[in-house]
Amino acid sequence: MNQFFKFVFASCLGVFLATVALFGVGFVIMAGIAGSSSNQKVDVRSKTVLHLKLDNPIPEQTNNVELNPFDFGNQEILGLNDILASIEHAKDDPKIEGILLDLGTNVMAGFATASSIREALVDFKESGKFINAFAKNYSQGTYFLASTADKIFVSPLGGIDFHGLAATVPFFKEMLDKVGVKMQVFYAGQFKSATEPYRRNDMSDQNRQQLREFLDPLYDNYLSVIGESRHKTVGELKEMADSLRLTNAEEALRLGMVDELGYIDNVLADIRTKTGQSEKDKLKTISIEDYRKSFNPKTNYKIKDKIAVIYAEGAIYADQG
């Protein structure tokens with residue numbers, strides 16, 4: 001019996017030590033991968049195209065969002081400041097020939113963030129370098145950025161979701177009445193709309209007015225900057241939005257909102273022509289995440305006559321203590 005317990009104990013100890021060793025090796029490997037991907041210096045070759053793909057949330061500061069510890073290929077999410085710095089640096093970088101705007105997914109950013117990126121792209125074009133944009137389908141947000149491009153490509157089976165701005169307000173009062181839930185709502189004044197979903201079944205005139213006051217100038221600005229880039233009037237763009245004509249790729253081409261129907265191969269072929277490369281040459285591209293690692297930003301650490309900015313992102317919770 002003693003011999004039996006001896007072998008059982010030895011087996012359990014072996015399994016425990018093996019498990020600890022495997023976890024240790026795995027941790028070292030993961031740390032190595034994460035470290036190498038985030039700290040490795042990147043060299044940019046000549047005739048390189050900056051690949052700008054905005055498929056992650058865009059915080060103000062880099063990595064100021066929750067990261068997936070098991071996503072080894074995406075250990076860095078650039079913030080707005082680093083994106084703008086990268087575009088600005090690429091403008092005067094002789095190794096960067098142009099920008100490929102890859103807008104296959106919707107841009108997860110607000111209008112203010114997208115406007116800042118758009119202004120940086122417009123400024124980039126002043127260097128004489130090109131911007132090519134491609135997507136199978138453009139949303140209103142992605143087309144807002146794509147309109148800066150010298151050449152906009154869209155899939156022949158795609159189009160542009162160009163329909164204007166709107167606000168949707170859900171109302172719950174009737175549902176709550178049916179299930180016997182009574183909300184205790186306190187408000188004062190005519191333009192207090194936050195509680196309307198719980199005390200009304202429709203939108204008040206005051207709420208409709210303030211939403212319109214917010215959306216109309218935002219929409220006019222959206223149309224005016226796109227019109228400036230695509231040589232269209234605001235009236236022409238409003239007519240296109242109201243008629244939903246741009247959902248058809250051929251109609252979008254005919255109306256001058258895109259420049260060519262094609263696929264990513266057509267985009268790359270056009271870039272080869274612009275960079276003086278043949279079909280046999282491998283197109284050199286660099287992601288904006290890697291490009292950010294290739295240079296040190298221009299930073300002035302003098303504190304005289306400077307205002308400090310503290311970035312606070314995320315939800316605000318009441319004190320539970």
Side-chain angles (χ1 to χ4, degrees), residues 49-55 58 87 98-111 113-126 129-168 215-275 283 285:
V49 175
L50 181 60
H51 187 189
L52 185 55
K53 188 174 183 180
L54 304 172
D55 55 351
I58 303 177
I87 297 174
I99 290 178
L100 169 59
L101 265 178
D102 188 346
L103 299 170
T105 56
N106 200 15
V107 177
M108 290 182 280
F111 188 74
T113 297
S115 295
S116 297
I117 297 174
R118 192 183 191 282
E119 290 173 4
L121 292 172
V122 171
D123 181 67
F124 174 86
K125 287 177 62 177
E126 293 182 359
K129 299 179 180 180
F130 69 87
I131 298 178
N132 275 17
F134 171 75
K136 295 179 180 178
N137 289 282
Y138 289 99
S139 67
Q140 293 193 127
T142 54
Y143 188 79
F144 180 66
L145 297 176
S147 61
T148 64
D150 301 275
K151 202 166 185 179
I152 302 177
F153 292 79
V154 68
S155 168
L157 301 178
I160 307 172
D161 182 15
F162 198 76
H163 59 267
L165 302 183
T168 301
L215 290 175
D216 281 352
L218 193 66
Y219 187 39
D220 288 340
N221 179 65
Y222 173 84
L223 295 177
S224 63
V225 295
I226 289 178
E228 184 178 354
S229 297
R230 299 303 298 178
H231 308 293
K232 303 289 183 182
T233 66
V234 171
E236 288 175 321
L237 293 175
K238 281 187 176 180
E239 191 278 329
M240 294 178 195
D242 293 341
S243 61
L244 299 177
R245 296 160 67 186
L246 299 182
T247 54
N248 182 285
E250 293 183 356
E251 189 72 359
L253 177 64
R254 188 185 70 80
L255 293 172
M257 297 296 281
V258 299
D259 300 296
E260 187 173 325
L261 306 185
Y263 302 96
I264 188 63
D265 292 341
N266 303 101
V267 182
L268 300 181
D270 183 79
I271 292 177
R272 285 192 177 90
T273 300
K274 290 176 177 177
T275 56
L283 191 64
T285 62

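Numbering of residues begins at 1 and proceeds along the displayed sequence. Quantities reported herein were computed from a predicted structural model and do not represent experimental measurements.
Under the 3.5 Å distance criterion, the side-chain polar atoms of E250 are left unmatched by any main-chain donor or acceptor of P156. Between the side chain of D102 and the main chain of L52, no donor-acceptor pair closer than 3.5 Å is present. The backbone N or O of E239 lies less than 3.5 Å from no partner atom in the side chain of D242, so there is not a single donor-acceptor pair. In this structure, N132 contributes its side chain and L100 its backbone to no donor-acceptor pair below 3.5 Å. The main-chain N or O of V225 is found under 3.5 Å from a side-chain atom of R118 such that the two form a donor-acceptor pair.
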Test side-chain contact (heavy atoms from CB on, under 4.5 Å) on Y222 and L218 and set out the steps. CA-CA 6 Å; Y222 173 84; L218 193 66; over 6 Å; no

Quick one, R230 with D259, criterion side-chain contact (heavy atoms from CB on, under 4.5 Å). Give me CA distance, side-chain angles, the key distance, then yes/no. CA-CA 10 Å; R230 299 303 298 178; D259 300 296; 3.0 Å; yes

Start with the C-alpha distance between V49 and H51, add both sets of side-chain angles, then the distance that settles side-chain contact (heavy atoms from CB on, under 4.5 Å), and finish with yes or no. CA-CA 6 Å; V49 175; H51 187 189; over 6 Å; no

Tell me, with the steps shown, if I99 and K129 meet side-chain contact (heavy atoms from CB on, under 4.5 Å). CA-CA 8 Å; I99 290 178; K129 299 179 180 180; over 6 Å; no

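Between D55 and T105, the closest heavy-atom pair is CB-OG1, 3.3 Å. Here the closest heavy-atom approach between residue L103 and residue A135 is recorded as O-CB, 3.2 Å. Across A146 and L101, no two heavy atoms sit closer than the pair CA-CD1, 4.3 Å. The shortest heavy-atom contact between A249 and L261 is O-CD2, 3.6 Å. Nearest heavy-atom pair, A241 versus G164, reported as atom, atom and distance to 0.1 Å: CB-N, 4.1 Å.
The shortest side-chain heavy-atom distance between L223 and F162 falls under the 4.5 Å cut-off. Side chains of M257 and E236 form no contact here, defined as non-hydrogen atoms less than 4.5 Å apart. With contacts defined as side-chain heavy-atom distances shorter than 4.5 Å, the pair I58/V107 qualifies. Counting heavy atoms from C-beta outward, D220 and K238 have side chains that approach closer than 4.5 Å. The shortest side-chain heavy-atom distance between L145 and L54 falls under the 4.5 Å cut-off.
Of the candidates L246, L244, T142, I152, I160 forms a side-chain contact (heavy atoms from CB on, under 4.5 Å) with just one, namely L246.
For the atom pair CZ (F134) and OH (Y263), the distance works out to 8.5 Å, reported to the nearest 0.5 Å. Taking CG of L283 as the reference point, atom CD1 of I271 lies at 6.0 Å (rounded to 0.5 Å). Note that the CD1 atom of I117 and the CD1 atom of I87 stand 6.5 Å from one another [nearest 0.5 Å]. Between the CG atom in L237 and the OG atom in S147 there is a gap of 9.5 Å [rounded to 0.5 Å]. Taking CG of L268 as the start and OG1 of T273 as the end, the distance is 11.0 Å to the nearest 0.5 Å. Rounding to the nearest 0.5 angstrom, the gap separating the CZ atom in F111 from the OG atom in S116 is 10.0 Å.
The aromatic rings of Y138 and Y143 lie perpendicular to each other, with more than 60° between the two planes, well past the 30° mark.
Residues in residues 139-160 take part in these salt bridge (charged side-chain N to carboxylate O under 4.0 Å, His left out) pairs, two or more places apart or across chains: K125-D150, K151-E260, K151-D270.
The environment of K136 atom NZ is sparse: at most 12 non-hydrogen atoms of other residues, nucleotides or ligands sit within 6.0 angstrom.
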